[in-house]
Amino acid sequence: MSKEITSRQQDYSQWYNDLILKGGLADYSAVRGCMVIKPYGFALWENMRDVLDKMFKDTGHVNAYFPLFVPKSLFEAEETNAEGFAKECAIVTHYRLKADPNIKGKLIVDPEAKLEEELVVRPTSEAIIWNTYKGWIQSYRDLPILVNQWANVVRWEMRTRLFLRTAEFLWQEGHTAHATKEEAIIETEKMLDVYADFVENWMALPVIKGIKTPNERFAGADETYCIEALMQDGKALQAGTSHFLGQNFAKAFDVKFSDMHNKLDYVWATSWGVSTRLIGGLVMAHSDDDGLILPPKIAPTQVVIVPIYKGETEKNLIDEKVNSIIQQLKQLNIRVKYDDSDNARPGWKFAEYEMKGVPIRIAIGARDLANNVAEIARRDTKEKTSVSLDGLSNHIQNLLQTIQQNMFDKAKAYRDEHITNANTWDEFLQILDNKTGFVNAHWDGTPETEEKIKELAKATIRCIPLNNKQEEGICILTGKPSKQRVLFARAY
RNA sequence: CGGGAGGUAGUUCAGCCCGGUAGAAUACCUGGUUUGGGACCAGGGGGUCGCAGGUUCGAAUCCUGUCCUCCCGACCA
């Protein structure tokens, strides 16, 4: 089968879908809006998860697990949060099926098995967790609580897209409780830094750290911090969020503690999360018309070796050499795969592993053995070189680092070129329509103007960058005075 | 949720208008020749035509319903 990939220029959306499906990351399923994450895609997620998990633990967090279901009465306790998610909740109303009396072999919902109280399938877990924390916290000595959970959540989205927006998705959600506001804000910012560190240094994807406007804030938060990335089509993607929840949930669930002077106060909270959506961002930011390009640090397979041989004798000689190469690479903790399957010829394998985004391909044949070399091909640049087998493993190790860095540099150069100042409304629209990317523009600071801009230009304020430069200016829409530029973009 | 397109072999699709024994390419299996950018020859297996009803002597084809997918929009922290 020839797996033709639609080019980005021809149809960007289709290109994206082709990469996910033909690259073997995921499949559609029989369930509306839900995808199957295939082994290759899940291996990628596992690598991301393992790195993040270690980062969380290194910053003092521990893992726990809370229920999938949230009783409706708990869910509605924090009103802002509940209202924000109400429209996209799946709800369990019954607990039993029974044989359909009219059609043999079919089942119907047993009307007698209606739940006293409906259960909401979590779209996020603040409610069930804060209901639990109430029982864990009495004194300042019980704080802070630094808990993370790896889980699935369900948000009944109108329109879904593989990885970027699915009805069910995998994520982690950190939920912390603190004695002081200052400590909670420090935690919120610390976790934002962890996300930025991960996305930039492991996924090779540059991000802008900032805070959301009240309009775009997480329902129930006092402040939402975010990291924003830029995709190759010039649209922005929210890659992670970290929320300062104030005392909102503590008040909703009556979680108080005694401080060291025996004074009662509500607990301060944060929550933060990243999801499988990151995979969508990874795909869109780095890949090309030949397939995926995965950053070496998280690629399931970092190096693939393809043998080229005529006959059994040559194959045996190559096997012997390759086995020693594999041993050397494994000693350096490099994830290597030897594809000596005989049902595909080398050319087919080359194309296949390019599609799957394996960072480095080693091709080795009799000709190479005679010269004590191997052909090394980089996925990111498509560059091929002949490299001596002596010291090959060190060369590969260095090359993996070079590729990782090159991918980041390339993405960053593209991102930096696509942050443009706009001083007038016409200029603003012009940039969004033609150049695309982030537009840095003055805004009068009102939710009404933000809403109006969204309606007219289909662009939202992605964030107000941290440590944003302060400068006098006038709002691009209303002409009212403004103290700083904010980052707008069309977004996923 | 609105508009458009689609669901037939593992995959990509033809057949449908005009009802009458389900096709092609590719993939797969066997044997052989091959192997430095998606190999070739010969033989072979594989589909309740998304699902459920209806019309009919007969339905992939006509009708109704329903599920799923894609694209555009609305929605979306």
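Throughout, protein chains are lettered first and strands after them, A, B, ... in sequence-line order, and every chain is numbered starting at 1. These numbers come from the heavy atoms of this one structure, side chains and all, not from hydrogens, waters or symmetry mates.
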For this session: Using both distances under 3.5 Å as the test, list the Watson-Crick or G-U wobble partner of rC75(B), or none.
Result: none

Exercise. So what does Lys87(A) touch, heavy atoms closer than 4.0 Å: a base, only the sugar-phosphate, or nothing?
Worked result: sugar-phosphate

Exercise. Counting any heavy atom closer than 4.0 Å, what does Ser13(A) reach on the DNA or RNA strands: base, sugar-phosphate only, or nothing?
Worked result: sugar-phosphate

For this session: Please determine, for rU33(B), whether a Watson-Crick or G-U wobble partner exists with both distances under 3.5 Å, and give it or none.
Result: rA39(B)

Problem set entry | Under 3.5 Å on both distances, the Watson-Crick or G-U partner of rG65(B) | rC51(B)

Exercise. Nearest of rG38(B), rG36(B), rG37(B) to any side-chain atom of Glu352(A)?
Worked result: rG38(B)

Exercise. Are the side chain of Lys98(A) and the backbone N or O of Leu107(A) linked by a donor-acceptor pair below 3.5 Å?
Worked result: no

Problem set entry | Rounded interatomic separation in angstrom, taking NZ from Lys458(A) and P from rC72(B) | 13 Å

Exercise. Is the backbone of Tyr266(A) close enough, under 3.5 Å, to the side chain of Gln247(A) for a donor and an acceptor to pair up by distance?
Worked result: yes

For this session: Could you measure between the two P atoms, the one in rC63(B) and the one in rC17(B), and give it in whole Å?
Result: 9 Å

For this session: Check every strand shown and say whether Tyr28(A) touches a base, only sugar-phosphate, or nothing at a heavy-atom separation below 4.0 Å.
Result: sugar-phosphate

Exercise. How far, in whole Å, is rC1(B) from rU61(B) if one measures between their P atoms?
Worked result: 27 Å

Problem set entry | Paired nucleotide for rU11(B) [Watson-Crick or G-U wobble; both distances under 3.5 Å] | rA25(B)

Seminar exercise, completed: Partner of rG58(B) under the Watson-Crick or G-U wobble criteria, both distances under 3.5 Å, comes out as none

Problem set entry | Out of rC76(B), rC68(B), rC71(B), whichever nucleotide has its closest atom nearest the side chain of Glu157(A) | rC76(B)

For this session: Could you tell me whether a side-chain N or O of Arg161(A) sits under 3.5 Å from a main-chain N or O of Tyr16(A), the two making a donor and an acceptor?
Result: no

Exercise. Heavy atoms under 4.0 Å, any strand shown: does Pro214(A) hit a base, just sugar-phosphate, or nothing?
Worked result: nothing

Seminar exercise, completed: Residues at least two apart in sequence or cross-chain that pass ring pair (Phe, Tyr, Trp, His ring centres under 6.0 Å) with Phe253(A), listed by chain then number, are none

Exercise. Among the nucleotides rA74(B), rG36(B), rG37(B), which one has an atom lying closest to any side-chain atom of Asp368(A)?
Worked result: rG36(B)

Exercise. Within this structure, what is the CG-to-P distance between Asp27(A) and rC70(B), rounded to whole angstrom?
Worked result: 12 Å

Exercise. Starting at NZ of Lys310(A) and ending at C1' of rG36(B), how long is that distance when rounded to a whole Å?
Worked result: 8 Å

For this session: Rounded off to whole Å, could you give me the CZ-to-P distance for the Arg462(A) and rC76(B) pair?
Result: 13 Å

Exercise. So does Arg345(A) get a side-chain nitrogen or oxygen closer than 4.0 Å to the phosphate oxygens (OP1/OP2) of rG36(B)?
Worked result: yes

Problem set entry | P-based separation of rG23(B) from rG46(B) [nearest Å] | 12 Å

Exercise. Just checking Ala366(A): base, sugar-phosphate only, or nothing, at a heavy-atom cut-off of under 4.0 Å?
Worked result: base

Seminar exercise, completed: Walking RNA chain B from its 5' end, the first of Asn81(A) and Asp11(A) to be reached, judged by nearest nucleotide, is Asp11(A)

For this session: Could you work out the separation of rU8(B) and rA24(B) based on their C1' atoms and round it to a whole Å?
Result: 13 Å

For this session: Give a yes or no on whether a donor-acceptor pair under 3.5 Å exists between the nucleobase atoms of rG37(B), that is its base, and the side chain of Glu354(A).
Result: yes

Exercise. Does the rG2(B) base have a donor-acceptor partner in the side chain of Arg159(A) within less than 3.5 Å?
Worked result: no

For this session: Could you check Lys209(A) against Glu189(A) for salt bridge (charged side-chain N to carboxylate O under 4.0 Å, His left out), going step by step and ending with a plain yes or no?
Result: CA-CA 10 Å; Lys209(A) 293 190 271 191; Glu189(A) 291 174 351; over 6 Å; no

Exercise. Is it the case that more than 12 heavy atoms not belonging to Lys235(A) sit under 6.0 Å from its NZ atom?
Worked result: yes

For this session: Quick one: label Arg361(A) by what it contacts on the DNA or RNA (base, sugar-phosphate, nothing), any heavy atom closer than 4.0 Å.
Result: base

For this session: Using a heavy-atom cut-off of under 4.0 Å over every strand shown, decide if Gly33(A) touches base, sugar-phosphate, or nothing.
Result: sugar-phosphate

For this session: Could you check Ala377(A) against His243(A) and say which one's nearest nucleotide on RNA chain B is further toward the 5' end?
Result: Ala377(A)

Seminar exercise, completed: Rounded to whole Å, CD of Glu314(A) lies from P of rU35(B) at a distance of 9 Å

For this session: Could you point out which residue of Lys349(A), Lys384(A), Arg361(A) forms a salt bridge (charged side-chain N to carboxylate O under 4.0 Å, His left out) with Glu354(A)?
Result: Arg361(A)

Exercise. Within the modelled atom types, does a donor on one side and an acceptor on the other bring the side chain of Lys384(A) and the base of rG37(B) under 3.5 Å apart?
Worked result: yes

For this session: For rG15(B) versus rC62(B), give the span between their P atoms, rounded off to a whole number of Å.
Result: 12 Å

Exercise. Of the nucleotides rC70(B), rU35(B), rG38(B), which has the atom closest to the Ile308(A) side chain?
Worked result: rU35(B)

Exercise. Out of rC76(B), rC71(B), rG36(B), which has the shortest distance to the side chain of Glu88(A)?
Worked result: rC76(B)

Problem set entry | Inter-nucleotide P distance (rG53(B), rA14(B)), Å rounded | 28 Å

Exercise. Quantified in whole Å, what is the P atom distance between nucleotide rG45(B) and nucleotide rG50(B)?
Worked result: 25 Å

For this session: Determine the Euclidean distance between corresponding P atoms of rU64(B) and rU11(B); express it in Å to zero decimal places.
Result: 29 Å

Problem set entry | Under 3.5 Å donor-acceptor, Thr59(A) side chain and Met55(A) backbone | yes

Exercise. Does Arg165(A) have a side-chain nitrogen or oxygen under 4.0 Å from the phosphate oxygens OP1 or OP2 of rC76(B)?
Worked result: no

For this session: Take atom CD of Gln14(A) and atom C1' of rC70(B), then tell me their distance rounded to the nearest Å.
Result: 7 Å

Problem set entry | Value in whole Å for how far the P atom of rC76(B) lies from NZ of Lys454(A) | 6 Å

Exercise. Which nucleotide, rG38(B), rC1(B), rU69(B), lies nearest any side-chain atom of Trp348(A)?
Worked result: rG38(B)

Problem set entry | Approximate separation, where rounding is to 0.5 Å, of Ser7(A) OG and Asp288(A) CG | 11.5 Å

Exercise. Would you say a side-chain N or O of Asn343(A) is under 4.0 Å from OP1 or OP2 of rC29(B)?
Worked result: no

For this session: Can you tell me the distance, in whole Å, between the CD atom of Gln238(A) and the C1' atom of rC75(B)?
Result: 16 Å

Exercise. How would you label the contact of Ala351(A) with the nucleic acid (heavy atoms, under 4.0 Å): base, sugar-phosphate, or nothing?
Worked result: base

